[in-house]
Amino acid sequence: EDQVTQSPEALRLQEGESSSLNCSYTVSGLRGLFWYRQDPGKGPEFLFTLYSAGEEKEKERLKATLTKKESFLHITAPKPEDSATYLCAVQGSSYKLIFGSGTRLLVRP
Amino acid sequence: DTAVSQTPKYLVTQMGNDKSIKCEQNLGHDTMYWYKQDSKKFLKIMFSYNNKELIINETVPNRFSPKSPDKAHLNLHINSLELGDSAVYFCASSPSTSVGYNEQFFGPGTRLTVL
């Protein structure tokens, strides 16, 4: 069964303190690994798609990487506006998007 | 312009009632989805339609029935509402199910509270 586990559950950082979020997955026939950002009371906002091990994508202070077992979302010099819940999801041969429970990130000024 | 919109934003109703949630996307996407996010924040797929055809139907009670009048709309009708149906329901759309075109874009959600 396709499964996604995210860690840590919650992360508190000082502004400028870089860190990484982890997404471990098992999936049959990976079609894509997706990262989303969700602010309170809003729908998930698409960030990245990674398709194969070794692939990396960047957007502003965020960089996503992918191996055969996990993905990392690296946050460099975060700002308070980066505070949100970050969701990881995988899509396998079933076409369904399987989400993890997310990492709640709080960046303090 | 909102890419994926849902109405209503909030829905409070009594057990046993029937209610509908509407979803519209103006992105020209072929595929639409309904998700349920429970109190623990897990997002779970319920249904998916591709060009008005049902392609994903998860283990969801028969009380839930999706309807797609055209590829820009996917509505969710719920009969005989139960307390456990309380959750936030998200609509989403993607260009297609093909790799490279399968990024999903979500609506703002509908918070359903069953009393």
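So you know, we letter chains A, B, ... as the sequences are listed, proteins then strands, and number each from 1.
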Verify same cluster id: A/Phe99, B/Phe105 (apolar side-chain graph, 4.5 Å): yes

Is it true that the side chains of B/Glu103 and A/Gln91 contain a donor and an acceptor less than 3.5 Å apart? no

Counting only heavy atoms closer than 4.5 Å, note whether A/Glu45 contacts chain B via side chain, backbone, both or neither. neither

State yes or no: do B/Phe42 and A/Val4 share one hydrophobic cluster built from I, L, V, M, F, W and Y residues joined by side-chain heavy-atom distances below 4.5 Å, directly or via other members? no

Short question: side chain of A/Tyr36, backbone of B/Gln104 - any donor-acceptor pair under 3.5 Å? yes

With a 4.5 Å heavy-atom cut-off (strictly below), which parts of residues 46-64 of chain B touch chain A? List them by number. B/Ile56, B/Glu58

Examine whether an atom of A/Tyr51 lies under 4.5 Å from a heavy atom of chain B, and if so say whether it belongs to the side chain, the backbone or both; otherwise answer neither. side chain

Check whether B/Ile21 and B/Tyr35 end up in the same hydrophobic cluster, where Ile, Leu, Val, Met, Phe, Trp and Tyr are linked by side-chain heavy atoms less than 4.5 Å apart. no

Counting only heavy atoms closer than 4.5 Å, note whether B/Lys9 contacts chain A via side chain, backbone, both or neither. side chain

Apart from B/Val12 itself, what residues make up its hydrophobic cluster, given side-chain heavy atom links below 4.5 Å? B/Leu115

Hphob cluster co-occupancy, A/Tyr25 + B/Ile45, side-chain heavy atoms under 4.5 angstrom: no

Is any side-chain heavy atom of B/Gln37 closer than 4.5 Å to one of A/Gln38? yes

Within residues 71-92 of chain B, contacts to chain A at heavy-atom distances under 4.5 Å involve B/Phe90

I'd like to know if A/Leu62 and A/Leu13 are part of one continuous hydrophobic network [Ile/Leu/Val/Met/Phe/Trp/Tyr, side-chain heavy atoms within less than 4.5 Å]. yes

Residues of residues 65-87 of chain A within contact distance of chain B, non-hydrogen under 4.5 Å: A/Leu87

Would you compute the distance between atom CZ of B/Phe106 and atom NZ of A/Lys42 and round it to the nearest 0.5 angstrom? 16.0 Å

Atom pair OG/CZ of B/Ser94 and A/Phe34 - distance to nearest 0.5 Å: 8.5 Å

Look at atom CD of A/Gln14 and say whether more than 12 heavy atoms of other residues, nucleotides or ligands are closer to it than 6.0 Å. yes

State the CG-CG distance between B/Leu43 and A/Leu97, to the nearest 0.5 angstrom. 9.0 Å

